[in-house]
Amino acid sequence: MSDLERPPLPPNSLIAVIGAGAMGAGIAQIVAQSGHRVLLFDTRLNGAEDAQKKLATTFEQLAAKGKMTSDDAQAAAGRIVPIHALGDCVSARLVIEAIVEDLEAKRELWRDLEGVVAPETILATNTSSLSVTAMAAGLKYPRRVAGLHFFNPPPLMPLVEIVSGLATDPEVAATLYSTAAGWGKVPVHAKSTPGFIVNRCARPFYAEALRLLNERAADPATIDAVMREAGGFRMGPFELLDLIGNDVSVAVTTSVWRAYSNDPRFTPSAIQQEMVAAGYLGRKSGRGFYDYAPGTKKPIAHTEPEQSAPGRVVVYGDLGPASTLVERMLAAGVPVERAKREGAFPTGVIGVGGAWLALSDGQTATVRAGASGAHDMVLFDLALDFATCTRLAVARADTCSDAAYSAAVGALQAAGIAVSRLDDAAGLVVLRTVAMLANECADAAKEAIASPRDIDAAMMKGVNYPRGPLAWADTIGVARVRDALANLAAHYGEDRYRTSPLITRRAVSGARLID
Ligand code: NAD
(Lines give C-alpha, C1' and ligand atoms only; values in the text may rest on other atoms or scores of the structure.)
Protein backbone atom coordinates (compact mmCIF):
# COMPACT_ATOMS: atom_id res chain seq x y z
CA MET A 1 0.00 0.00 0.00
CA SER A 2 0.98 3.64 0.38
CA ASP A 3 4.63 4.40 1.18
CA LEU A 4 3.77 8.06 1.52
CA GLU A 5 4.82 9.67 4.78
CA ARG A 6 2.98 12.54 6.39
CA PRO A 7 3.42 14.09 9.83
CA PRO A 8 0.83 13.21 12.48
CA LEU A 9 -1.87 15.67 13.48
CA PRO A 10 -0.31 17.95 16.09
CA PRO A 11 -1.46 17.34 19.69
CA ASN A 12 -3.25 20.69 19.78
CA SER A 13 -5.56 19.68 16.94
CA LEU A 14 -9.15 19.17 17.95
CA ILE A 15 -10.64 15.74 17.36
CA ALA A 16 -14.33 14.83 17.46
CA VAL A 17 -15.61 11.34 18.25
CA ILE A 18 -19.19 10.66 17.19
CA GLY A 19 -20.84 7.76 19.02
CA ALA A 20 -19.95 7.26 22.67
CA GLY A 21 -20.61 3.52 22.91
CA ALA A 22 -18.09 0.75 23.59
CA MET A 23 -15.78 1.75 20.74
CA GLY A 24 -16.30 5.52 20.70
CA ALA A 25 -15.57 5.83 24.42
CA GLY A 26 -12.42 3.71 24.07
CA ILE A 27 -11.23 5.78 21.13
CA ALA A 28 -11.92 9.01 23.06
CA GLN A 29 -9.77 7.62 25.89
CA ILE A 30 -6.80 7.00 23.58
CA VAL A 31 -7.12 10.39 21.90
CA ALA A 32 -7.43 12.31 25.20
CA GLN A 33 -4.50 10.40 26.71
CA SER A 34 -2.43 11.45 23.71
CA GLY A 35 -2.99 15.12 24.52
CA HIS A 36 -5.77 16.06 22.10
CA ARG A 37 -8.93 17.83 23.10
CA VAL A 38 -11.82 15.50 22.23
CA LEU A 39 -15.37 16.50 21.45
CA LEU A 40 -17.72 13.59 22.21
CA PHE A 41 -21.20 13.36 20.68
CA ASP A 42 -23.95 10.76 20.95
CA THR A 43 -27.63 10.90 20.00
CA ARG A 44 -28.46 8.90 23.16
CA LEU A 45 -29.67 11.16 26.00
CA ASN A 46 -26.66 11.90 28.24
CA GLY A 47 -24.66 9.34 26.21
CA ALA A 48 -21.61 11.59 25.85
CA GLU A 49 -21.77 12.83 29.48
CA ASP A 50 -22.04 9.27 30.82
CA ALA A 51 -19.08 8.17 28.73
CA GLN A 52 -17.07 11.20 29.88
CA LYS A 53 -17.78 10.36 33.56
CA LYS A 54 -16.84 6.71 33.05
CA LEU A 55 -13.62 7.74 31.35
CA ALA A 56 -12.77 10.10 34.21
CA THR A 57 -13.11 7.08 36.55
CA THR A 58 -10.96 4.98 34.18
CA PHE A 59 -8.22 7.64 34.26
CA GLU A 60 -8.40 7.73 38.09
CA GLN A 61 -8.05 3.94 38.18
CA LEU A 62 -5.07 4.08 35.82
CA ALA A 63 -3.47 6.68 38.12
CA ALA A 64 -4.17 4.50 41.19
CA LYS A 65 -2.38 1.61 39.43
CA GLY A 66 0.58 3.88 38.69
CA LYS A 67 -0.02 3.79 34.93
CA MET A 68 -0.28 7.60 34.77
CA THR A 69 0.17 10.45 37.24
CA SER A 70 -2.94 11.85 38.90
CA ASP A 71 -2.23 15.23 37.26
CA ASP A 72 -2.19 13.54 33.85
CA ALA A 73 -5.36 11.63 34.72
CA GLN A 74 -7.18 14.84 35.62
CA ALA A 75 -5.88 16.61 32.55
CA ALA A 76 -6.94 13.75 30.25
CA ALA A 77 -10.45 13.69 31.75
CA GLY A 78 -10.63 17.47 31.34
CA ARG A 79 -9.80 17.20 27.65
CA ILE A 80 -12.98 15.20 26.90
CA VAL A 81 -15.81 17.60 26.19
CA PRO A 82 -19.35 16.28 25.66
CA ILE A 83 -21.20 18.20 22.93
CA HIS A 84 -24.88 18.26 22.02
CA ALA A 85 -24.89 19.30 18.38
CA LEU A 86 -22.79 18.32 15.38
CA GLY A 87 -22.39 22.05 14.70
CA ASP A 88 -19.93 22.13 17.63
CA CYS A 89 -17.47 20.12 15.49
CA VAL A 90 -16.79 23.17 13.31
CA SER A 91 -13.09 23.43 14.32
CA ALA A 92 -12.35 19.69 14.39
CA ARG A 93 -9.34 18.60 12.35
CA LEU A 94 -10.40 14.96 12.45
CA VAL A 95 -13.82 13.41 13.07
CA ILE A 96 -13.94 9.72 14.02
CA GLU A 97 -17.33 8.07 13.83
CA ALA A 98 -18.21 5.01 15.91
CA ILE A 99 -21.99 5.05 15.57
CA VAL A 100 -24.34 2.20 14.72
CA GLU A 101 -23.08 -0.18 11.98
CA ASP A 102 -25.50 1.03 9.31
CA LEU A 103 -24.38 2.42 5.95
CA GLU A 104 -27.26 4.87 5.60
CA ALA A 105 -26.81 6.24 9.14
CA LYS A 106 -23.09 6.75 8.54
CA ARG A 107 -23.67 8.39 5.14
CA GLU A 108 -26.19 10.74 6.66
CA LEU A 109 -23.73 11.67 9.41
CA TRP A 110 -20.98 12.49 6.88
CA ARG A 111 -23.43 14.54 4.77
CA ASP A 112 -24.43 16.55 7.87
CA LEU A 113 -20.80 17.00 8.91
CA GLU A 114 -19.72 18.20 5.46
CA GLY A 115 -21.95 21.21 6.05
CA VAL A 116 -20.13 21.94 9.31
CA VAL A 117 -16.41 21.15 9.10
CA ALA A 118 -13.67 22.60 6.88
CA PRO A 119 -13.00 20.85 3.52
CA GLU A 120 -9.64 19.52 4.77
CA THR A 121 -11.07 17.93 7.95
CA ILE A 122 -10.50 14.17 7.82
CA LEU A 123 -13.59 12.01 8.22
CA ALA A 124 -12.65 8.59 9.63
CA THR A 125 -14.96 5.65 10.17
CA ASN A 126 -14.51 2.85 12.67
CA THR A 127 -16.74 0.51 10.66
CA SER A 128 -15.85 -3.19 10.89
CA SER A 129 -17.65 -4.36 7.80
CA LEU A 130 -19.04 -1.55 5.65
CA SER A 131 -17.39 -0.30 2.48
CA VAL A 132 -15.40 2.89 2.99
CA THR A 133 -15.80 3.52 -0.74
CA ALA A 134 -19.60 3.32 -0.49
CA MET A 135 -19.64 5.53 2.58
CA ALA A 136 -17.71 8.29 0.81
CA ALA A 137 -19.67 8.11 -2.46
CA GLY A 138 -21.85 11.15 -3.08
CA LEU A 139 -19.97 13.39 -0.64
CA LYS A 140 -18.56 16.69 -1.78
CA TYR A 141 -15.01 15.68 -0.79
CA PRO A 142 -14.89 11.85 -0.78
CA ARG A 143 -11.06 11.94 -0.80
CA ARG A 144 -11.01 12.86 2.92
CA VAL A 145 -12.93 9.76 4.04
CA ALA A 146 -10.94 6.76 5.31
CA GLY A 147 -11.35 3.88 7.72
CA LEU A 148 -9.70 4.05 11.14
CA HIS A 149 -10.58 0.59 12.37
CA PHE A 150 -9.80 -0.01 16.03
CA PHE A 151 -10.17 -3.37 17.75
CA ASN A 152 -12.10 -4.04 20.92
CA PRO A 153 -11.21 -2.80 23.51
CA PRO A 154 -9.47 0.09 21.73
CA PRO A 155 -7.18 1.16 24.60
CA LEU A 156 -5.79 -2.38 24.91
CA MET A 157 -5.66 -3.68 21.35
CA PRO A 158 -2.65 -2.24 19.49
CA LEU A 159 -3.84 -2.67 15.89
CA VAL A 160 -5.52 0.04 13.84
CA GLU A 161 -6.37 -0.70 10.19
CA ILE A 162 -6.11 2.45 8.08
CA VAL A 163 -8.58 1.67 5.32
CA SER A 164 -8.50 3.43 1.96
CA GLY A 165 -11.57 3.48 -0.25
CA LEU A 166 -11.29 4.04 -4.00
CA ALA A 167 -11.47 7.82 -3.58
CA THR A 168 -9.35 8.14 -0.42
CA ASP A 169 -6.46 10.59 -0.81
CA PRO A 170 -3.17 8.77 0.03
CA GLU A 171 -2.17 11.84 2.05
CA VAL A 172 -5.22 11.36 4.26
CA ALA A 173 -4.33 7.70 4.83
CA ALA A 174 -0.70 8.66 5.53
CA THR A 175 -1.76 11.30 8.07
CA LEU A 176 -4.02 8.82 9.87
CA TYR A 177 -1.19 6.29 9.84
CA SER A 178 1.35 8.57 11.53
CA THR A 179 -1.29 9.95 13.90
CA ALA A 180 -2.31 6.45 15.06
CA ALA A 181 1.38 5.53 15.44
CA GLY A 182 1.83 8.66 17.58
CA TRP A 183 -0.97 7.38 19.83
CA GLY A 184 1.12 4.27 20.45
CA LYS A 185 -0.90 2.08 18.10
CA VAL A 186 0.32 -0.30 15.40
CA PRO A 187 -1.24 1.04 12.19
CA VAL A 188 -1.41 -0.95 8.96
CA HIS A 189 -2.68 0.22 5.59
CA ALA A 190 -5.50 -1.77 4.01
CA LYS A 191 -7.78 -1.48 1.00
CA SER A 192 -11.52 -1.20 1.49
CA THR A 193 -12.59 -4.80 0.85
CA PRO A 194 -14.98 -6.98 2.86
CA GLY A 195 -13.55 -7.63 6.33
CA PHE A 196 -10.46 -5.53 5.53
CA ILE A 197 -7.51 -7.61 6.81
CA VAL A 198 -8.31 -9.15 10.18
CA ASN A 199 -12.04 -9.79 9.94
CA ARG A 200 -11.43 -11.62 6.67
CA CYS A 201 -8.14 -13.41 7.32
CA ALA A 202 -9.10 -14.63 10.82
CA ARG A 203 -12.23 -16.50 9.65
CA PRO A 204 -10.45 -19.90 9.36
CA PHE A 205 -9.41 -19.72 13.04
CA TYR A 206 -13.06 -20.23 13.94
CA ALA A 207 -14.25 -22.02 10.80
CA GLU A 208 -11.86 -24.98 11.01
CA ALA A 209 -12.59 -25.52 14.71
CA LEU A 210 -16.34 -25.36 14.07
CA ARG A 211 -15.96 -27.85 11.26
CA LEU A 212 -14.02 -30.26 13.48
CA LEU A 213 -16.74 -29.93 16.09
CA ASN A 214 -19.40 -30.57 13.46
CA GLU A 215 -17.55 -33.75 12.46
CA ARG A 216 -17.35 -34.75 16.13
CA ALA A 217 -13.57 -34.97 15.80
CA ALA A 218 -13.22 -33.64 19.36
CA ASP A 219 -15.07 -31.54 21.92
CA PRO A 220 -14.54 -27.77 22.35
CA ALA A 221 -12.35 -28.15 25.47
CA THR A 222 -9.98 -30.51 23.65
CA ILE A 223 -9.77 -28.38 20.50
CA ASP A 224 -9.19 -25.25 22.63
CA ALA A 225 -6.45 -26.95 24.66
CA VAL A 226 -4.67 -28.13 21.50
CA MET A 227 -4.82 -24.66 19.96
CA ARG A 228 -3.38 -23.11 23.13
CA GLU A 229 -0.83 -25.70 24.15
CA ALA A 230 0.34 -26.83 20.71
CA GLY A 231 -0.62 -23.85 18.55
CA GLY A 232 0.55 -21.24 21.06
CA PHE A 233 -2.66 -19.21 20.63
CA ARG A 234 -3.59 -17.23 23.69
CA MET A 235 -7.18 -18.51 23.61
CA GLY A 236 -8.79 -21.44 21.86
CA PRO A 237 -11.39 -20.74 19.17
CA PHE A 238 -14.39 -21.73 21.30
CA GLU A 239 -13.23 -19.73 24.33
CA LEU A 240 -12.75 -16.75 22.04
CA LEU A 241 -16.13 -17.20 20.34
CA ASP A 242 -17.81 -17.25 23.75
CA LEU A 243 -16.04 -14.00 24.57
CA ILE A 244 -16.83 -12.28 21.26
CA GLY A 245 -20.40 -13.59 21.21
CA ASN A 246 -21.70 -16.17 18.75
CA ASP A 247 -24.22 -13.63 17.43
CA VAL A 248 -21.45 -11.13 16.62
CA SER A 249 -19.28 -13.85 15.08
CA VAL A 250 -22.10 -15.20 12.89
CA ALA A 251 -22.92 -11.63 11.76
CA VAL A 252 -19.30 -10.94 10.73
CA THR A 253 -18.90 -14.33 9.01
CA THR A 254 -22.19 -13.93 7.16
CA SER A 255 -21.33 -10.41 6.04
CA VAL A 256 -17.90 -11.49 4.70
CA TRP A 257 -19.44 -14.61 3.08
CA ARG A 258 -22.14 -12.56 1.32
CA ALA A 259 -19.67 -9.87 0.28
CA TYR A 260 -17.49 -12.55 -1.35
CA SER A 261 -20.47 -13.96 -3.28
CA ASN A 262 -21.04 -16.90 -0.92
CA ASP A 263 -17.47 -18.16 -1.21
CA PRO A 264 -17.45 -21.57 0.56
CA ARG A 265 -14.32 -20.53 2.44
CA PHE A 266 -16.55 -18.31 4.58
CA THR A 267 -19.72 -20.41 4.83
CA PRO A 268 -21.30 -19.75 8.25
CA SER A 269 -21.36 -22.79 10.53
CA ALA A 270 -24.72 -24.49 11.04
CA ILE A 271 -23.78 -25.38 14.62
CA GLN A 272 -23.05 -21.77 15.45
CA GLN A 273 -26.28 -20.54 13.88
CA GLU A 274 -28.19 -23.09 15.95
CA MET A 275 -26.50 -21.78 19.07
CA VAL A 276 -27.50 -18.22 18.24
CA ALA A 277 -31.07 -19.39 17.65
CA ALA A 278 -31.03 -21.03 21.09
CA GLY A 279 -29.69 -17.88 22.74
CA TYR A 280 -26.35 -19.57 23.54
CA LEU A 281 -24.42 -16.43 22.70
CA GLY A 282 -21.44 -16.99 24.99
CA ARG A 283 -20.34 -15.38 28.22
CA LYS A 284 -22.83 -12.54 27.89
CA SER A 285 -25.82 -14.92 27.93
CA GLY A 286 -24.30 -17.29 30.50
CA ARG A 287 -23.98 -20.10 27.98
CA GLY A 288 -22.13 -20.63 24.74
CA PHE A 289 -19.78 -23.47 23.89
CA TYR A 290 -19.19 -23.54 27.64
CA ASP A 291 -21.65 -23.14 30.50
CA TYR A 292 -20.96 -20.08 32.67
CA ALA A 293 -23.61 -20.76 35.32
CA PRO A 294 -22.22 -20.23 38.83
CA GLY A 295 -20.67 -23.41 40.18
CA THR A 296 -20.34 -25.05 36.77
CA LYS A 297 -16.92 -26.56 36.20
CA LYS A 298 -15.28 -25.97 32.85
CA PRO A 299 -14.87 -29.31 31.04
CA ILE A 300 -11.32 -30.52 30.74
CA ALA A 301 -9.53 -31.52 27.57
CA HIS A 302 -9.41 -35.18 26.65
CA THR A 303 -5.94 -36.49 27.49
CA GLU A 304 -4.69 -40.01 26.84
CA PRO A 305 -3.77 -42.05 29.94
CA GLU A 306 -0.10 -42.57 30.73
CA GLN A 307 1.66 -45.19 28.59
CA SER A 308 5.10 -46.64 29.20
CA ALA A 309 8.11 -44.95 27.65
CA PRO A 310 9.45 -46.82 24.62
CA GLY A 311 12.70 -48.82 24.77
CA ARG A 312 13.92 -46.93 21.70
CA VAL A 313 12.75 -44.91 18.75
CA VAL A 314 14.11 -44.99 15.19
CA VAL A 315 14.04 -41.84 13.09
CA TYR A 316 13.61 -42.26 9.35
CA GLY A 317 14.56 -39.28 7.23
CA ASP A 318 14.01 -35.62 8.00
CA LEU A 319 11.22 -34.77 10.44
CA GLY A 320 11.16 -31.14 9.27
CA PRO A 321 9.66 -28.77 11.84
CA ALA A 322 9.16 -31.67 14.26
CA SER A 323 12.88 -32.54 14.53
CA THR A 324 13.15 -31.13 18.05
CA LEU A 325 10.60 -33.70 19.25
CA VAL A 326 13.26 -36.37 18.96
CA GLU A 327 15.70 -34.24 20.93
CA ARG A 328 13.09 -34.07 23.71
CA MET A 329 12.75 -37.85 23.67
CA LEU A 330 16.53 -38.19 23.81
CA ALA A 331 16.76 -35.70 26.68
CA ALA A 332 14.14 -37.78 28.54
CA GLY A 333 16.40 -40.84 28.29
CA VAL A 334 14.74 -42.58 25.32
CA PRO A 335 17.43 -44.13 23.07
CA VAL A 336 17.17 -42.65 19.56
CA GLU A 337 18.56 -44.34 16.47
CA ARG A 338 18.81 -42.73 13.05
CA ALA A 339 17.94 -45.18 10.29
CA LYS A 340 20.71 -45.42 7.73
CA ARG A 341 18.79 -47.25 5.07
CA GLU A 342 15.67 -45.51 3.94
CA GLY A 343 14.09 -46.29 0.60
CA ALA A 344 11.89 -49.17 1.68
CA PHE A 345 10.53 -47.19 4.63
CA PRO A 346 8.36 -44.10 4.78
CA THR A 347 10.52 -41.03 5.38
CA GLY A 348 9.98 -38.24 7.90
CA VAL A 349 8.62 -40.68 10.48
CA ILE A 350 9.52 -41.99 13.90
CA GLY A 351 9.34 -45.74 14.26
CA VAL A 352 8.28 -46.76 17.75
CA GLY A 353 6.97 -50.13 19.00
CA GLY A 354 5.63 -51.02 15.55
CA ALA A 355 3.94 -47.63 15.07
CA TRP A 356 4.85 -45.07 12.43
CA LEU A 357 4.59 -41.69 14.09
CA ALA A 358 4.57 -38.75 11.67
CA LEU A 359 3.62 -35.11 11.36
CA SER A 360 0.25 -34.63 9.68
CA ASP A 361 0.30 -33.62 6.02
CA GLY A 362 -3.43 -32.89 5.75
CA GLN A 363 -4.46 -36.50 5.03
CA THR A 364 -6.22 -38.67 7.54
CA ALA A 365 -3.99 -41.25 9.23
CA THR A 366 -6.08 -44.01 7.65
CA VAL A 367 -5.59 -42.73 4.10
CA ARG A 368 -1.89 -42.17 4.67
CA ALA A 369 -1.52 -45.64 6.14
CA GLY A 370 -3.29 -47.13 3.15
CA ALA A 371 -1.20 -45.16 0.66
CA SER A 372 2.14 -45.95 2.32
CA GLY A 373 1.45 -49.48 3.45
CA ALA A 374 2.42 -48.45 6.99
CA HIS A 375 -0.77 -49.72 8.63
CA ASP A 376 0.17 -48.77 12.19
CA MET A 377 0.18 -45.06 11.36
CA VAL A 378 -0.27 -42.40 14.05
CA LEU A 379 -0.20 -38.77 12.93
CA PHE A 380 0.53 -35.84 15.20
CA ASP A 381 -0.47 -32.22 14.74
CA LEU A 382 1.64 -29.17 13.99
CA ALA A 383 2.94 -27.15 16.94
CA LEU A 384 4.13 -23.55 17.09
CA ASP A 385 7.32 -24.86 18.68
CA PHE A 386 7.96 -28.58 19.05
CA ALA A 387 10.77 -27.81 21.50
CA THR A 388 8.36 -26.39 24.08
CA CYS A 389 4.78 -27.48 23.32
CA THR A 390 3.00 -29.19 26.20
CA ARG A 391 0.26 -30.96 24.22
CA LEU A 392 -0.20 -32.49 20.80
CA ALA A 393 -3.27 -33.79 19.02
CA VAL A 394 -2.92 -37.20 17.39
CA ALA A 395 -4.99 -39.26 14.98
CA ARG A 396 -4.79 -43.04 14.73
CA ALA A 397 -5.35 -44.95 11.49
CA ASP A 398 -8.26 -47.37 11.58
CA THR A 399 -5.71 -50.06 10.74
CA CYS A 400 -3.38 -49.20 13.67
CA SER A 401 -3.12 -51.84 16.40
CA ASP A 402 -3.71 -50.97 20.06
CA ALA A 403 -0.14 -51.92 20.98
CA ALA A 404 1.39 -49.73 18.26
CA TYR A 405 -0.87 -46.79 19.19
CA SER A 406 0.10 -47.10 22.88
CA ALA A 407 3.78 -47.11 21.94
CA ALA A 408 3.34 -43.93 19.86
CA VAL A 409 1.51 -42.19 22.70
CA GLY A 410 4.17 -43.34 25.18
CA ALA A 411 6.93 -41.82 23.00
CA LEU A 412 5.24 -38.41 22.97
CA GLN A 413 4.47 -38.61 26.69
CA ALA A 414 8.10 -39.49 27.40
CA ALA A 415 9.00 -36.16 25.75
CA GLY A 416 6.74 -34.43 28.32
CA ILE A 417 3.80 -33.92 25.98
CA ALA A 418 0.14 -34.51 26.86
CA VAL A 419 -1.61 -36.36 24.06
CA SER A 420 -5.16 -35.58 22.90
CA ARG A 421 -6.56 -38.13 20.49
CA LEU A 422 -8.95 -36.83 17.88
CA ASP A 423 -11.11 -38.91 15.65
CA ASP A 424 -9.10 -39.43 12.46
CA ALA A 425 -9.55 -35.85 11.21
CA ALA A 426 -7.69 -34.64 8.12
CA GLY A 427 -5.03 -32.09 9.05
CA LEU A 428 -5.88 -32.41 12.77
CA VAL A 429 -6.38 -28.97 14.41
CA VAL A 430 -3.35 -26.67 14.30
CA LEU A 431 -2.06 -27.74 10.87
CA ARG A 432 -5.37 -27.25 9.07
CA THR A 433 -6.02 -23.97 10.86
CA VAL A 434 -2.58 -22.53 10.14
CA ALA A 435 -2.72 -23.74 6.51
CA MET A 436 -6.10 -22.09 5.98
CA LEU A 437 -5.04 -18.87 7.77
CA ALA A 438 -1.92 -18.66 5.59
CA ASN A 439 -4.05 -19.40 2.52
CA GLU A 440 -6.44 -16.54 3.27
CA CYS A 441 -3.59 -14.15 4.11
CA ALA A 442 -1.84 -15.14 0.86
CA ASP A 443 -4.95 -14.32 -1.16
CA ALA A 444 -5.29 -10.99 0.66
CA ALA A 445 -1.64 -10.25 -0.17
CA LYS A 446 -2.13 -11.31 -3.81
CA GLU A 447 -5.13 -8.97 -4.06
CA ALA A 448 -2.92 -6.18 -2.60
CA ILE A 449 -5.37 -5.57 0.24
CA ALA A 450 -2.24 -4.96 2.31
CA SER A 451 1.45 -5.88 2.17
CA PRO A 452 2.39 -9.38 3.40
CA ARG A 453 4.26 -7.83 6.32
CA ASP A 454 1.27 -5.67 7.30
CA ILE A 455 -1.08 -8.64 7.03
CA ASP A 456 1.04 -10.63 9.46
CA ALA A 457 1.39 -7.62 11.78
CA ALA A 458 -2.39 -7.18 11.70
CA MET A 459 -2.98 -10.81 12.73
CA MET A 460 -0.50 -10.56 15.59
CA LYS A 461 -1.62 -7.16 16.88
CA GLY A 462 -5.35 -7.35 16.09
CA VAL A 463 -6.12 -10.90 17.22
CA ASN A 464 -2.98 -11.76 19.21
CA TYR A 465 -1.70 -14.63 17.08
CA PRO A 466 1.64 -15.96 18.30
CA ARG A 467 3.12 -15.72 14.79
CA GLY A 468 1.88 -14.16 11.57
CA PRO A 469 0.30 -16.84 9.33
CA LEU A 470 2.53 -15.97 6.36
CA ALA A 471 5.70 -16.12 8.46
CA TRP A 472 4.39 -19.37 9.94
CA ALA A 473 4.02 -20.85 6.46
CA ASP A 474 7.56 -19.71 5.66
CA THR A 475 8.84 -21.34 8.86
CA ILE A 476 7.33 -24.76 8.17
CA GLY A 477 7.79 -24.49 4.40
CA VAL A 478 5.31 -23.11 1.89
CA ALA A 479 5.33 -26.44 0.04
CA ARG A 480 4.16 -28.18 3.22
CA VAL A 481 1.22 -25.74 3.44
CA ARG A 482 0.40 -26.28 -0.23
CA ASP A 483 0.44 -30.07 0.26
CA ALA A 484 -1.76 -29.84 3.36
CA LEU A 485 -4.30 -27.73 1.46
CA ALA A 486 -4.23 -30.10 -1.50
CA ASN A 487 -4.82 -33.06 0.82
CA LEU A 488 -7.69 -31.26 2.57
CA ALA A 489 -9.20 -30.37 -0.81
CA ALA A 490 -8.93 -34.03 -1.90
CA HIS A 491 -10.39 -35.21 1.40
CA TYR A 492 -13.44 -32.96 1.30
CA GLY A 493 -13.73 -32.43 -2.45
CA GLU A 494 -14.66 -28.83 -1.77
CA ASP A 495 -13.60 -25.53 -3.27
CA ARG A 496 -13.24 -24.23 0.28
CA TYR A 497 -9.73 -25.72 0.46
CA ARG A 498 -8.53 -24.43 -2.93
CA THR A 499 -4.96 -23.23 -2.76
CA SER A 500 -4.10 -19.56 -3.09
CA PRO A 501 -2.20 -19.01 -6.37
CA LEU A 502 0.49 -17.21 -4.35
CA ILE A 503 1.08 -20.29 -2.18
CA THR A 504 1.27 -22.52 -5.26
CA ARG A 505 3.77 -20.17 -6.90
CA ARG A 506 6.00 -19.72 -3.89
CA ALA A 507 5.94 -23.45 -3.11
CA VAL A 508 7.32 -24.10 -6.59
CA SER A 509 9.83 -21.24 -6.71
CA GLY A 510 11.00 -21.77 -3.16
CA ALA A 511 10.62 -18.05 -2.45
CA ARG A 512 9.19 -16.97 0.89
CA LEU A 513 5.79 -15.34 1.38
CA ILE A 514 7.44 -12.60 3.42
CA ASP A 515 10.70 -11.31 1.97
P1 NAD B 1 -22.33 0.70 20.49
O2 NAD B 1 -23.73 0.30 20.22
O3 NAD B 1 -21.70 0.32 21.79
O4 NAD B 1 -22.21 2.30 20.35
C5 NAD B 1 -22.77 3.04 19.30
C6 NAD B 1 -23.14 4.40 19.86
O7 NAD B 1 -23.48 5.25 18.78
C8 NAD B 1 -24.35 4.36 20.79
O9 NAD B 1 -24.04 5.02 21.99
C10 NAD B 1 -25.43 5.08 20.00
O11 NAD B 1 -26.31 5.82 20.83
C12 NAD B 1 -24.63 6.01 19.15
N13 NAD B 1 -25.27 6.42 17.91
C14 NAD B 1 -26.02 5.67 17.06
N15 NAD B 1 -26.35 6.40 16.00
C16 NAD B 1 -25.81 7.64 16.16
C17 NAD B 1 -25.77 8.82 15.38
N18 NAD B 1 -26.38 8.87 14.21
N19 NAD B 1 -25.08 9.88 15.85
C20 NAD B 1 -24.47 9.83 17.04
N21 NAD B 1 -24.46 8.73 17.83
C22 NAD B 1 -25.11 7.65 17.39
O23 NAD B 1 -21.50 0.15 19.25
P24 NAD B 1 -19.92 -0.12 19.18
O25 NAD B 1 -19.65 -1.54 19.51
O26 NAD B 1 -19.20 0.96 19.91
O27 NAD B 1 -19.68 0.02 17.60
C28 NAD B 1 -19.60 1.26 16.99
C29 NAD B 1 -18.94 1.12 15.62
O30 NAD B 1 -17.66 0.51 15.78
C31 NAD B 1 -19.69 0.24 14.64
O32 NAD B 1 -19.52 0.75 13.35
C33 NAD B 1 -19.00 -1.11 14.79
O34 NAD B 1 -19.12 -1.91 13.64
C35 NAD B 1 -17.57 -0.65 14.98
N36 NAD B 1 -16.70 -1.63 15.66
C37 NAD B 1 -17.16 -2.35 16.72
C38 NAD B 1 -16.30 -3.25 17.34
C39 NAD B 1 -16.76 -4.07 18.52
O40 NAD B 1 -16.14 -5.09 18.83
N41 NAD B 1 -17.81 -3.64 19.22
C42 NAD B 1 -14.98 -3.40 16.91
C43 NAD B 1 -14.53 -2.62 15.83
C44 NAD B 1 -15.41 -1.74 15.22
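One-based numbering, in listed order, for ligands and for the atoms of each. Quick caveat: nothing in here was measured; it's all calculated off a predicted structure.
- Closest protein heavy atom to atom 8 (C) of ligand 1: Asp42 OD2, 3.4 Å.
- Distances from atom 37 (C) of ligand 1 to the heavy atoms of Lys106, Glu161, Met23, Arg44 show the closest one on Met23.
- Within the 4.0 Å heavy-atom criterion, neither part of Glu108 lies near ligand 1.
- Seen from the ring of Tyr280, Arg287 counts as a face-on cation partner, given the 6.0 Å and 45° thresholds.
- The proximity of Phe151 to ligand 1, defined as any non-hydrogen pair under 4.0 Å, does not occur for either the backbone or the side chain.
- Between the side chains of Ser249 and Gln272, at least one donor-acceptor pair of N or O atoms lies under 3.5 Å.
- The nearest heavy-atom contact from the protein to atom 40 (O) of ligand 1 is Asn152 ND2, 3.1 Å.
- The single protein non-hydrogen atom nearest to atom 3 (O) of ligand 1 is Ala22 N, 3.0 Å, given as residue, atom name and distance.
- If you check the side chains of Tyr497 and Arg432, you find a donor sitting under 3.5 Å from an acceptor.
- Atoms of ligand 1 found under 4.0 Å from any heavy atom of Gly21, numbered from 1 in the order shown, are 3 (O), 4 (O), 6 (C), 9 (O), 26 (O).
- The shell of residues lying under 4.0 angstrom from ligand 1, judged by heavy atoms, excludes Glu97.
- Note on ring orientation: taking the six-membered ring where Trp is involved, the planes of Phe196 and His149 are perpendicular (angle over 60°, cut-offs 30° and 60°).
- Within the 4.0 Å heavy-atom cutoff, Ala98 counts among the residues contacting ligand 1.
- Between Leu109 and ligand 1 there is no heavy-atom distance shorter than 4.0 Å.
- Ranking the protein heavy atoms by distance from atom 31 (C) of ligand 1 puts Ile99 O, 3.2 Å first.
- Relative to the six-membered ring of Tyr492, Arg211 meets both conditions, a distance below 6.0 Å and an angle of at most 45° to the axis.
- For the 3.5 Å distance criterion, the side chains of Thr253 and Arg203 qualify, holding a donor opposite an acceptor.
- Ranking the protein heavy atoms by distance from atom 30 (O) of ligand 1 puts Asn126 ND2, 3.0 Å first.
- Every atom of ligand 1 is numbered from 1 in the order shown, and the set under 4.0 Å from a heavy atom of Gly19 is 7 (O), 21 (N).
- Taking atom 19 (N) of ligand 1 as the reference point, the nearest protein heavy-atom neighbour is Thr43 CG2, 3.5 Å.
- Counting only heavy atoms, the protein never gets under 4.0 Å from atom 23 (O) of ligand 1.
- Judged purely by distance below 3.5 Å, without hydrogens or angles, the side chains of Ser129 and Glu101 pair a donor atom with an acceptor atom.
- Of all atoms in ligand 1, listed by their number and element, those nearer than 4.0 Å to a heavy atom of Ile18 are 20 (C).
- Protein heavy atom in closest approach to atom 33 (C) of ligand 1: Glu101 OE1, 3.7 Å.
- Residues Leu103 and Leu130 approach most closely at N-CD1, 3.5 Å, considering heavy atoms.
- Protein heavy atom at the shortest distance from atom 14 (C) of ligand 1 is Val100 N, 3.7 Å.
- In the vicinity of His149, heavy-atom distances shorter than 4.0 Å reach the ligand 1 atoms 43 (C), 44 (C).
- For the 3.5 Å distance criterion, the side chains of Glu208 and Thr433 fail to qualify, holding no donor opposite an acceptor.
- For the atom pair CD (Glu440) and CD1 (Ile197), the distance works out to 12.5 Å, reported to the nearest 0.5 Å.
- Side chains of Asp381 and Ser360: a donor-acceptor N/O pair is absent below 3.5 angstrom, by distance only.
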- Task: Report the C-alpha separation of Asp456 and Arg467 in whole Å, then their side-chain angles, then the decisive distance to 0.1 Å, and conclude whether the salt bridge (charged side-chain N to carboxylate O under 4.0 Å, His left out) test is met.
- Result: CA-CA 8 Å; Asp456 261 14; Arg467 184 183 285 155; over 6 Å; no
